[in-house]
Amino acid sequence: MRLLLVDPPPPFDVYREAFVAAPSCPSLTMAMLGGAALADGHEVEVLDLRLAADPEATLRARIQRGRPEVIGFSAFSFTFNPTLRLAKLAREIAPKATLALGGVHAQVDPEAVFAAAPFDLVVLAEGEQTLRELLAGRPLGKIAGIVYRDGKTLRRTPARPLLANLDELNFPAYELFDLAQYNGKQGLWTAERIAMIESSRGCPFSCSFCSSGLVFGKHWRAKSPERVVAEIGRALDQGFEEIHFQDDGFTTDLDRAKRICELILTSGRRFRWELYNGIRADRADEEFLRLAARAGCYRIRFGVESGDQGVLDQAGKGLQLSQVRRVFELTRKYGIETIALFMFGLPGETPATMDATARLACELPADFARVSVTIPTPGSALYAQWESEGRLVPASWDDYHFHLSGRLLFDHPGVTAAQIQQAYRDFYRKFYFRPSYVWGRLVTGLRRGTLWRDASYFLTKFVAEPLLRWVGAT
Ligand code: B12
Ligand code: SF4
């Protein structure tokens, strides 16, 4: 079969207004699905419309040229509207093709998707095996884990059990991408070609604001260390220079994480890697950090969320601030860069707790810090809570990104949008413009050889981009 996998563009440039860099590397989602389809001998193309100047025209041309029989889209909430528009266009150009939708947003209310766009099926949870069965021509009614159109009726097939042994997955098919189109060396990244790798799926924790269990569930499953290192080796052979782990729980089993580091060391391959999706502050110990540093880990993000213990507890984070302080000290000890990630607007938030968050950020020996405004992610406990309390503000899915500061997606009992916006600006000013921080970065930059990278990051974020925005606005 001829398969076209489409990565939709965001509705607008979400990163422009925020002090964060827009990542640019091939999608792991598309690479995993592509790998599954290639293994069965199908013809696969990936179309990354995040890179297209005119997504509609690009999609049209690609469908006309490749005549795909199956077109698969993947959507977050934020990219749901562009996906619907593109699916309608795809249907016009290829009336006979099977249109499938997967990804996190489709899980929340799959039936509702069919009213909005002419999809033939929505894929629930993990998608590799479902896609293989679809491409093999299995009747839709016999494919587990989908909702599909049967004439005018919508039918849901039995849930597909999650894959027990992740080593059975095919390797991500990064050969489907034109790597020359990707340049991750922007912002704080240190290489141009960056491969996303997942070493595990699922997360056993229950943070109220998180919806990550929607796709991969709460049961943590992991690839073997040998498989993870083999996957990395293949990515390096394909020309990637750096590895970013996208798991929710790289260190859920610390012994496995240490073994991965040991295998990297004995493999003799030297490369830099980052725990990009972050790890929990209570899931790292000294031995892991020491091994990780030796094995090339140069940066770890930690989801701290708040500087107020009460807010953390209400969010069900299950983390103590003392654990946060300790892990930052330890990570620094081994020379690994840290990014502390925070949120504003969780339940229990007040102006005082936002101050406490900014204070904690400044007290931690973190190399960088970021704050995002809470979005009530569909499928999370927080979304359900605020929906039942009538606190959700009517909004477009286009607004479901983390960098919204001028307007809130919820009516918060303790803070106003203006207070959050002020606290957001103050946070960045307080953290990045401290004399001790600036001095510390200079020294660290000289010691680690990152001075030029840091200087260009700060010049871009705090001088060039605000200036361009100001020019654009006048
Ligand atoms: C990597 C990642 C990114 C990367 C890359 C995204 C990409 N396009 O590749 C970057 C850093 C760019 C990114 C950015 C954002 N992200 Co992000 N990201 C993730 C992360 C950590 C992992 C996703 C991943 O690669 N998983 C591995 C793959 C294999 O799994 P998967 O994508 O779920 O796909 C599987 C199934 O869903 C299914 N499937 C999916 N699509 C399809 C399609 C078909 C046809 C089929 C058959 C099956 C299928 O099969 C796949 C294989 O099993 C998730 C968290 C998570 N744990 O999922 C957040 C996550 C998806 N991101 C999220 C958000 C909010 C964002 C941003 C909007 C944040 C922001 N800046 O404000 C941006 C917007 C991006 C944009 N397009 O502009 C949220 C989405 C919540 C929601 N309801 O929308 C998540 C869930 C994080 C969270 N817990 O809140 N993200
Ligand atoms: S925020 Fe992290 S630890 Fe908490 S449930 Fe989500 S993935 Fe798990």
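Counting starts at 1 for both ligands and their atoms, in listed order.
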Would you mind finding which of [options] brings a heavy atom closest to [atom]?
{"atom": "atom 75 (C) of ligand 1", "options": "Tyr276, Phe76, Phe80", "result": "Phe76"}
{"atom": "atom 1 (C) of ligand 1", "options": "Gln129, Gln246, Arg201, Arg132", "result": "Gln246"}
{"atom": "atom 39 (N) of ligand 1", "options": "Ala100, Gly127, Gly103", "result": "Gly103"}
{"atom": "atom 72 (O) of ligand 1", "options": "Phe402, Tyr400, Phe73", "result": "Phe402"}

Ligand 1 atoms in contact with [X] (distance to a heavy atom under 4.0 Å):
{"X": "Gly102", "result": "40 (C), 41 (N), 42 (C), 43 (C), 44 (C), 49 (C)"}
{"X": "Pro10", "result": "78 (O)"}
{"X": "Asn277", "result": "21 (C)"}
{"X": "Asp7", "result": "8 (N)"}
{"X": "Glu126", "result": "53 (O)"}
{"X": "Glu128", "result": "52 (C), 53 (O)"}
{"X": "Thr79", "result": "77 (N)"}
{"X": "His401", "result": "72 (O)"}

**Message:** Strictly by ring pair (Phe, Tyr, Trp, His ring centres under 6.0 Å), give each pair with a member in residues 115-137 just once, sequence neighbours left out.
**Reply:**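 For residues 115-137: Phe73-Phe119.
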Answer with side chain, backbone, both or neither: which part of [X] has a heavy atom less than 4.0 angstrom from an atom of ligand 1?
{"X": "Ala125", "answer": "backbone"}
{"X": "Leu33", "answer": "side chain"}
{"X": "His105", "answer": "neither"}
{"X": "Met30", "answer": "neither"}

**Message:** Between Glu175 and Arg234, does any NZ, NE, NH1 or NH2 come within less than 4.0 Å of an OD or OE carboxylate oxygen?
**Reply:**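 Looking at Glu175 together with Arg234, the answer is yes, because their closest N to O distance falls below 4.0 Å.
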**Request:** Could you tell me whether Arg156 and Glu111 make a salt bridge, using a distance below 4.0 angstrom between a side-chain N and a carboxylate O?
**Result:**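 Yes, this pair counts.
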**Item:** Nearest atoms (heavy-atom pairs only) where Ala366 meets Phe431
**Value:**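 Smallest interatomic distance, heavy atoms only, reads O-CZ, 3.7 Å.
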**Test item, Thr130 contacting ligand 1 (heavy atom, 4.0 angstrom)** =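 No heavy atom of Thr130 comes that close to ligand 1.
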**Message:** Asp48: which residues meet the side chain to side chain contact (heavy atoms under 4.5 Å, CB included) condition with it, sequence neighbours left out?
**Reply:**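 Asp7, Arg50, Leu51, Tyr182.
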Can a donor-acceptor pair be found, under 3.5 Å and without considering hydrogens, that links the side chain of [X] to the backbone of [Y]?
{"X": "Arg2", "Y": "Glu69", "answer": "no"}
{"X": "Thr338", "Y": "Asp367", "answer": "yes"}
{"X": "Glu126", "Y": "Leu163", "answer": "yes"}

**Prompt:** Mind checking whether Tyr424 and Phe344 have ring centres under 6.0 Å apart?
**Reply:**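 So the answer is no for these two rings.
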**Prompt:** Is there at least one pair of N or O atoms, one from Ser212 and one from ligand 1, spaced under 3.5 Å apart?
**Reply:**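 N/O-N/O distance below 3.5 Å does not exist for this pair.
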**Message:** Tell me whether Asp248 has any N or O atom under 3.5 angstrom from an N or O of ligand 1.
**Reply:**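 N/O-N/O distance below 3.5 Å exists for this pair.
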**Request:** Could you give me the CA-CA distance, side-chain angles and deciding distance for Arg132 and Glu128, then say whether salt bridge (Lys or Arg N to Asp or Glu O under 4.0 Å) is met?
**Result:** CA-CA 6 Å; Arg132 293 174 86 154; Glu128 287 89 354; over 6 Å; no
**Request:** Please assess Met196 against Tyr174 for the test side-chain contact (heavy atoms from CB on, under 4.5 Å), listing each intermediate value before the final yes or no.
**Result:** CA-CA 10 Å; Met196 295 198 228; Tyr174 283 122; 3.7 Å; yes
**Asked** Is Arg149 atom CZ crowded by more than 12 heavy atoms from other residues, nucleotides or ligands, each under 6.0 Å away?
**Response**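 Yes, the 6.0 Å shell around CZ holds more than 12 heavy atoms from other groups.
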**Item:** Residue of the set Arg272, Arg193, Glu192 for which side-chain contact (heavy atoms from CB on, under 4.5 Å) holds with Glu242
**Value:**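 The residue from Arg272, Arg193, Glu192 that satisfies side-chain contact (heavy atoms from CB on, under 4.5 Å) with Glu242 turns out to be Arg272.
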**Asked** Are any non-hydrogen protein atoms located under 4.0 Å from atom 2 (Fe) of ligand 2?
**Response**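 It does not; no protein heavy atom is within 4.0 Å.
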**Asked** How about atom 4 (Fe) of ligand 2, which protein N, O or S atoms come within less than 2.8 Å?
**Response**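 For atom 4 (Fe) of ligand 2, the protein N, O and S atoms that sit under 2.8 Å away are Cys207 SG.
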**Any residue meeting ring pair (Phe, Tyr, Trp, His ring centres under 6.0 Å) with Phe171, in chain and number order, not counting sequence neighbours** =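 Phe171 satisfies ring pair (Phe, Tyr, Trp, His ring centres under 6.0 Å) with no residue once adjacent residues are dropped.
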**Face-on cation placement of Arg280 at Phe205 ring, 6.0 Å and 45° thresholds** =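 Yes, a cation-pi geometry.
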**Item:** Any side-chain heavy-atom pair of Glu241 and Ile194 under 4.5 Å
**Value:**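 Side chain of Glu241 against side chain of Ile194, heavy atoms only: no contact under 4.5 Å found.
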